[in-house]
A.B. asks: 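Before I ask anything, here is the structure I am working with.
The structure presented is a predicted model; accordingly, all values stated were derived computationally and were not measured. Both counts, for ligands and for their atoms, begin at 1 and track the order of listing. Hydrogens, waters and symmetry mates are skipped; everything else that's a heavy atom, side chains included, is used. Count residues from 1 along the sequence.
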Amino acid sequence: MIKIALDGPSGAGKSTVAKAVAKRLSIVYVDTGALYRSIGLFIKRLGIDKSDKESIISQLKNIELSLQFKEGVQSVILNGEDVSGLIRTGEIAMYASAVSAIPEVRAFLLDTQRDIAHKNSVIMDGRDIGTVILPDAEVKIFMIASPEARAKRRYLELIEKGEGCTYEGVLADIIERDKNDSTRAVAPAIPAEDAIFLDNSDLDIEGTVNKALEIIFSKVGAEDIK
Ligand code: DC
């Protein structure tokens with residue numbers, strides 16, 4: 001069994017790469033952001049303000065969260081309801097961001113994340129996987145892309161969806177979010193000391209996946225993976 005930690009800032013393409021690597025290695029891809037998003041959804045449904053830390057903390061005892069995996073696809077179950085299709089909105093991302101800055105929320109999700117890695121070979125995508133959740137992971141990758149490269153990808157995505165925006169506006173948002181993510185007091189997106197950087201600014205998806213596999217096989221043998 002192996003544990004691969006894949007950390008890095010928002011928008012660096014972690015989930016796309018982690019999914020492809022998991023498929024190639026027949027291991028489980030764990031999207032930890034879905035857990036924070038589900039708590040965000042729960043809080044939103046109760047009408048609790050994102051900034052009301054005390055109320056959010058007091059609700060944790062009413063939340064039961066688990067991840068299920070079927071044919072490599074993750075579902076997140078919130079108090080018995082599959083909420084996977086409800087947590088991908090921009091509004092829920094804002095709630096997720098707010099709840100993820102609360103230490104009690106992070107502590108609440110610790111065992112759920114560790115249990116999955118204990119029972120399966122995993123590639124786990126998040127912000128503090130290599131530093132806090134799985135400090136003993138055999139492979140730690142910190143994936144980055146320049147703000148300009150991420151802005152270009154995001155801009156093209158939004159244009160394709162028919163959403164009005166400018167490249168300069170998208171770039172400014174990314175720079176602002178990076179600053180918030182890397183300077184927040186709780187679990188900032190910083191690399192573990194033993195993480196290997198993967199900068200994909202000049203790589204396409206296939207190139208990034210190949211580079212990730214190269215890093216993984218520089219650390220572990222094929223026989224370690226199953
Ligand atoms: O990766 P994502 O967009 O689904 O993450 C949603 C939010 O949760 C984002 O604000 C970062 C936060 N997050 C976190 O703090 N730690 C993680 N391991 C995963 C996500």
A.B. asks: Can you list the ligand 1 atoms lying under 4.0 Å from a non-hydrogen atom of Arg37?
C.D. replies: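 Ligand 1 atoms under the 4.0 Å threshold to Arg37: 2 (P), 3 (O), 4 (O), 6 (C).
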
A.B. asks: Which of the atoms of ligand 1 are close to Asp128, meaning less than 4.0 Å from one of its heavy atoms?
C.D. replies: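 Counting atoms of ligand 1 from 1, those under 4.0 Å from Asp128 are 18 (N).
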
A.B. asks: How many angstroms lie between atom CG of Leu35 and atom CD1 of Ile87, to the nearest 0.5 angstrom?
C.D. replies: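 Answer rounded to 0.5 Å: 8.0 Å.
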
A.B. asks: Which atoms of ligand 1 are found less than 4.0 Å from any heavy atom of Ser97?
C.D. replies: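 The atoms of ligand 1 under 4.0 Å from a heavy atom of Ser97 are 10 (O).
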
A.B. asks: Test your reading of the structure: does Asp31 have an N or O sitting under 3.5 Å from an N or O of ligand 1?
C.D. replies: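 No; the residue has no nitrogen or oxygen that sits under 3.5 Å from a nitrogen or oxygen of the ligand.
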
A.B. asks: Would Tyr36 and Arg106 count as having a side-chain donor-acceptor pair, cut-off 3.5 Å?
C.D. replies: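 Result is yes, a qualifying pair exists.
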
A.B. asks: Nearest protein heavy atom to atom 8 (O) of ligand 1, by residue and atom, and its distance?
C.D. replies: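 Residue, atom and distance for the closest contact: Tyr36 CB, 3.7 Å.
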
A.B. asks: Check for me whether Arg106 has a heavy atom closer than 4.0 Å to any atom of ligand 1.
C.D. replies: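 Per 4.0 Å heavy-atom rule, Arg106 contacts ligand 1.
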
A.B. asks: For ligand 1, is there an N or O atom under 3.5 Å from any N or O atom of Asp125?
C.D. replies: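 The answer is no, given that Asp125 and ligand 1 share no N or O pair closer than 3.5 Å.
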
A.B. asks: If we count only N and O atoms by modelled type, under 3.5 Å, do the side chains of Arg127 and Ser10 hold a donor and an acceptor together?
C.D. replies: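 Side chains of Arg127 and Ser10: pair found under 3.5 Å.
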
A.B. asks: What protein heavy atom sits nearest atom 19 (C) of ligand 1, and how far off is it?
C.D. replies: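 For atom 19 (C) of ligand 1, the nearest protein heavy atom comes out as Thr32 OG1, 3.4 Å.
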
A.B. asks: I'd like to check which ligand 1 atoms, numbered from 1 as shown, lie under 4.0 Å from a non-hydrogen atom of Gly33.
C.D. replies: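 Those qualifying, in numeric order: 4 (O), 5 (O), 19 (C), 20 (C).
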
A.B. asks: Centre of Tyr29's six-membered ring, under 6.0 Å away, within 45 degrees of the axis: is that where NZ or CZ of Lys19 sits?
C.D. replies: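 The answer is no; the distance or angle limit is not met.
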
A.B. asks: Among protein heavy atoms, which sits nearest to atom 11 (C) of ligand 1, and what does the distance come to when rounded to 0.1 Å?
C.D. replies: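 Looking only at protein heavy atoms, the one closest to atom 11 (C) of ligand 1 is Arg127 NH2, 3.4 Å.
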
A.B. asks: Using a strict cut-off of 4.0 Å, indicate which atoms of ligand 1 neighbour a heavy atom of Ala96.
C.D. replies: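 Numbered from 1, ligand 1 contributes 6 (C), 7 (C).
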
A.B. asks: Testing Thr16, Val17, Asp202 one by one against Thr208 for a side chain to side chain contact (heavy atoms under 4.5 Å, CB included), which residue passes?
C.D. replies: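 Of the listed residues Thr16, Val17, Asp202, the side chain to side chain contact (heavy atoms under 4.5 Å, CB included) partner of Thr208 is Val17.
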
A.B. asks: Backbone or side chain, does any N or O of Gln113 fall under 3.5 Å from an N or O of ligand 1?
C.D. replies: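 In fact, backbone or side chain, Gln113 has no N or O that close.
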
A.B. asks: Go through ligand 1 atom by atom and flag the ones less than 4.0 Å from a non-hydrogen atom of Ser100.
C.D. replies: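 What qualifies from ligand 1 is 12 (C), 15 (O).
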
A.B. asks: So how far is it from Ser100 OG to Ile39 CD1, rounded to the nearest 0.5 Å?
C.D. replies: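 Interatomic distance, Ser100 OG to Ile39 CD1, rounded to 0.5 Å: 10.0 Å.
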
A.B. asks: Treat each ILVMFWY residue as a node, draw an edge where side-chain heavy atoms are under 4.5 Å apart, and state whether Ile102 and Ile43 are in one component.
C.D. replies: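 Shared cluster, yes.
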
A.B. asks: Determine, using the 4.5 Å side-chain heavy-atom cutoff (strictly less than), whether Val30 and Ile2 are members of one ILVMFWY cluster.
C.D. replies: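 No: no chain of side-chain contacts under 4.5 Å links Val30 to Ile2.
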
